[in-house]
There are 2 protein chains.
Amino acid sequence: MQSASAEKYTRQRQAAIRAAAAVFAEKGFHGACTKDIAERMGIKQGSLYYYFSSKEEALGEVCLFGIQDYVEHMDNIASGDQSFEAKLTATVTSHLSSYRERNEALKVYNDERLYLPEERRTGLKELGSRYRQQLEDIFEDAKKDGVVRNGIDSHFAAQAVIGMCNAWGDLIVRDPDLDLFKVIQNCTDLLINGFSNKK
Amino acid sequence: MQSASAEKYTRQRQAAIRAAAAVFAEKGFHGACTKDIAERMGIKQGSLYYYFSSKEEALGEVCLFGIQDYVEHMDNIASGDQSFEAKLTATVTSHLSSYRERNEALKVYNDERLYLPEERRTGLKELGSRYRQQLEDIFEDAKKDGVVRNGIDSHFAAQAVIGMCNAWGDLIVRDPDLDLFKVIQNCTDLLINGFSNKK
DNA sequence: GAAGAATTCTATAGATCTATAGAAAAATAG
DNA sequence: CTATTTTTCTATAGATCTATAGAATTCTTC
């Protein structure tokens, strides 16, 4: 078990990641300054460097925080033996749920990751590629099973799902009263009835 | 007619807008420095201020350049009396064509416009809202005509079109060999067969 | 409650960047 | 070719920001 002090370190570092996510999301990586991040968590600018060795390291942690859950969900979804429709719903649900919960970190991942140091960026890129590839595989399988019509290009289809989720995610974030369940239903309905060849 | 010198001013200012678009797209507004922009068009940093009074003004011009054509297209599409399918195809075509031609300025508009001075931002926001509203109206009309099924929420639908176009626009930009026509067809096919209630 | 460890603070060196002023060079007009 | 206007250049003041060093403070543990 962690000592009490190590626990505090972990807790504060998490707080720093969340504060950085909020500030990076609002002002962008270069527009944000470390003073803003520190003040948001109630410490002074210099103290932030007890938790990060650089601003770039903070960015890396924020980006990872933004997508890790969502990539792990996809691992489970893709390897399961559910129907195409169930897998698609699970994907959209995971994506859109993450969007509300972690919208700041996700926005940072989407908009600012190119400012990461090379090494970190390639690591995250692999996560993103795996996500996309698994989604493509789901479409390929569904085409073999005849559930999705052959005219559909799996690569485009995967991109369409991601793009639509991101666009609707923005709606969700902008309007906190919006019913997540309703959005998920609309999204899958629209996608399914576009992909299905059962006319 | 413009004097020869006024013509040069106009030409150079356009060059400055394009250079700024490229640099802002690559590094983000705050990450870019005026030295980069000036050097890209072959002048020195200080000289840039002969064409812009501030970095923010340059950003404003880039954003406007990114969307103006595309908003004007929508004005024409929405006021025409074509079928729903034709209007949707025209919208997707306009959006995706712009994407390849002006992808840098569009990216800047999408990612960096929030750093604009208040006044300029609201002006662009109105353009964007008009675009979205016209697209929604197209869906509303199509629902009244029975071409689009009633279960479809026009607001979500408009967002879906925009989101899908943006996602596929990224594909187009990333892969210059990709056939624009094919992408447009895939996109409209997917959308139409999701929206149509002719089963 | 004293010793040691963990956390935060203050202060600042060094780097970078915007915007301006005024000189220099290039283009145009008479 | 000379005078005038337009464009570009050099140099820099002033502002901002990152990252570090070392002191001060707050927690833990015994």
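The sequence lines fix the lettering, A, B, ..., with proteins before strands; numbering per chain opens at 1.
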Legend entry - Nearest-angstrom distance from the residue atom OH of B/Tyr9 to P of C/dT28: 16 Å
Legend entry - Protein-to-nucleotide contact annotation, 5' to 3' order, nucleotides 8-26 of chain C [B base; S sugar-phosphate only; - none; under 4.0 Å, heavy atom]: BBB------SBBB------
Legend entry - Any pair counted as salt bridge (Lys or Arg N to Asp or Glu O under 4.0 Å), so long as it reaches residues 43-66 of chain A, sequence neighbours left out: A/Arg13-A/Glu57, A/Arg13-A/Glu61, A/Glu61-A/Arg120
Legend entry - Contact list for residues 111-135 of chain B, test ring-ring contact (aromatic ring centres under 6.0 Å, His included), sequence neighbours left out: B/His30-B/Tyr115, B/Tyr70-B/Tyr131
Inset, instruction - Not counting sequence neighbours, which residues clear salt bridge (Lys or Arg N to Asp or Glu O under 4.0 Å) with B/Lys125? List them please. - result: none
Inset, instruction - List for me each residue that meets ring pair (Phe, Tyr, Trp, His ring centres under 6.0 Å) alongside A/Tyr109, sequence neighbours excluded, and say none if there are none. - result: none
Inset, instruction - For A/Asp69, check salt bridge (Lys or Arg N to Asp or Glu O under 4.0 Å) against everything at least two apart and list the hits. - result: A/Arg102
Legend entry - Distance in angstrom units between A/Leu48 CG and C/dA6 P, rounded: 19 Å
